[in-house]
Trainee: 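The structure follows.
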Amino acid sequence: MAELRFLGSGNAFSPPGRMHALTLLDDSILIDAPPTVLTQMHNFGVSPSQIRHLLITHWHADHCFGFPFLMLDRWKMGGMKGQLGTLQIHCRPGGRKRLTELCEIGFPGSLAEEIEERCSWNESESGELTPTDWIFERFPVRHTPETDPHGYKLVHKSGLSILHCGDSGPCEEIEQRARNSDIIILEMGVPDFVKSPHHHNPSDVAAFQIRHPHASVLVTHNFSKSHDSQVGFEIPELPEGILQVEDGDRLKISESGQFSLLRK
Ligand SMILES: [Zn+2]
Ligand SMILES: [Zn+2]
């Protein structure tokens with residue numbers, strides 16, 4: 001019925017074996033655009049031209065600096081193959097100006113037409129992701145305030161709900177929505193010795209699961225190395241039931257609401 005693919009699972013430092021966190025829902029809804037977004041899509045056989053919706057969480061570079069590359073690919077490659085539809089970009093008020101300037105910095109004079117003619121912009125806080133079966137609500141989270149940080153609650157017409165927490169530390173806005181969410185994607189950007197209100201560390205994630213035992217908790221934006229890397233921070237021990245995803249993992253959700261994680 002639905003599928004989440006993790007095209008990257010690392011924090012801003014892109015730890016060994018992990019590229020920047022990047023989540024794809026049902027092959028057409030992309031959450032964020034890290035600098036290596038094209039590499040990450042190509043690594044896992046995803047074509048940029050199949051993306052219909054781009055949801056931006058906040059203005060840190062590991063979440064949005066790939067936008068000019070996405071536009072470049074659509075302009076030069078997707079159009080040539082005749083596959084392109086309109087890309088809908090959902091971001092905070094002011095986001096259109098910011099992302100347009102980023103394109104102009106990256107590829108001066110090249111992308112204005114692509115942005116003007118084949119993108120539509122939605123700066124409202126909720127909406128439908130047509131033609132898919134998903135609707136979204138954007139909500140504020142606790143992260144570096146200058147980045148205007150937000151998460152997304154995605155609700156399928158079947159009632160299934162996914163909470164994507166953006167890149168946040170523990171906060172009431174997440175707590176409220178977690179109570180009636182089925183799948184919760186948490187970012188674990190720092191190890192336990194880092195005390196930052198703007199990120200979850202392993203202890204925060206473990207405590208979160210105790211407060212929300214009904215939900216499936218997936219961890220991404222991980223500070224640790226991947227399981228097959230030799231260097232980097234060790235993967236932390238977390239209570240059973242919390243899934244620390246890796247690049248290429250897929251979460252398949254059946255009609256009956258059962259989840260299964262397929263490892264790369
Ligand atoms: Zn980040
Ligand atoms: Zn961030």
Side-chain angles (χ1 to χ4, degrees), residues 4-25 29-41 43 54-70 89-95 98-99 101-102 106 138-154 162-174 177 184-202 204-205 208 217-226 229 232-233 235-236 243-249:
L4 278 167
R5 295 183 72 182
F6 297 92
L7 308 182
S9 60
N11 68 4
F13 297 87
S14 202
R18 298 184 191 271
M19 300 191 84
H20 292 137
L22 178 60
T23 304
L24 177 65
L25 174 61
I29 302 167
L30 195 64
I31 302 174
D32 285 333
T36 50
V37 61
L38 293 182
T39 311
Q40 293 175 253
M41 293 174 93
N43 279 352
L54 172 64
L55 279 52
I56 299 285
T57 61
H58 67 297
W59 304 122
H60 270 150
D62 55 314
H63 297 259
C64 65
F65 269 28
F67 183 72
F69 294 96
L70 210 50
I89 300 152
H90 307 271
C91 56
R92 288 280 295 154
R98 188 185 285 260
L99 289 171
E101 286 173 359
L102 193 59
R138 187 167 50 238
F139 60 95
V141 294
R142 193 175 191 200
H143 193 51
T144 315
E146 291 84 352
T147 67
D148 198 6
H150 283 70
Y152 285 88
K153 179 146 186 173
L154 295 146
I162 299 173
L163 195 65
H164 188 293
C165 299
D167 183 2
S168 179
C171 67
E172 188 52 34
E173 296 277 359
I174 292 175
R177 289 164 180 82
I184 300 171
I185 301 171
L186 281 184
E187 297 71 36
M188 189 173 68
V190 296
D192 268 335
F193 65 80
V194 177
K195 306 294 180 200
S196 161
H198 296 152
H199 301 88
H200 279 81
N201 63 27
D204 296 326
V205 171
F208 181 90
V217 177
L218 306 178
V219 169
T220 187
H221 201 280
N222 204 318
F223 67 86
S224 79
K225 68 184 187 66
S226 66
S229 293
F233 288 114
I235 299 173
L243 298 170
Q244 298 186 63
V245 301
E246 302 216 345
D247 296 22
D249 286 352

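Whatever order the structure lists them in is the order used to number ligands and atoms, beginning at 1.
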Trainee: Rounded to the nearest 10°, what angle sits at the Zn ion (ligand 2) between NE2 of His58 and ND1 of His60?
Mentor: 100°
Trainee: Rounded to the nearest 0.5 Å, how far apart are CD1 of Ile235 and OG of Ser226?
Mentor: 6.5 Å
Trainee: Please determine whether His221 has a backbone or side-chain N, O or S atom lying under 2.8 Å from the Zn ion (ligand 1).
Mentor: yes
Trainee: What's the separation between atom OH in Tyr152 and atom CD1 in Ile185, rounded to the nearest 0.5 Å?
Mentor: 13.5 Å
Trainee: Do any of the N, O or S atoms of His198 sit under 2.8 Å from the Zn ion (ligand 2)?
Mentor: no
Trainee: Strictly under 2.8 Å, is any N, O or S atom of Asp62 next to the Zn ion (ligand 1)?
Mentor: yes
Trainee: Restricting to N/O/S atoms, is Asp167 within less than 2.8 Å of the Zn ion (ligand 2) or not?
Mentor: yes
Trainee: What N, O or S atom of His63 is found closest to the Zn ion (ligand 1)?
Mentor: NE2
Trainee: Supply the atom-to-atom distance Ser9 OG to Leu218 CG, rounded to the nearest 0.5 angstrom.
Mentor: 11.5 Å
Trainee: Side chains of Asp167 and His143: is there a donor and an acceptor less than 3.5 Å apart?
Mentor: yes
Trainee: With a 6.0 Å cut-off on the ring centroids, do His150 and His90 count as close?
Mentor: no
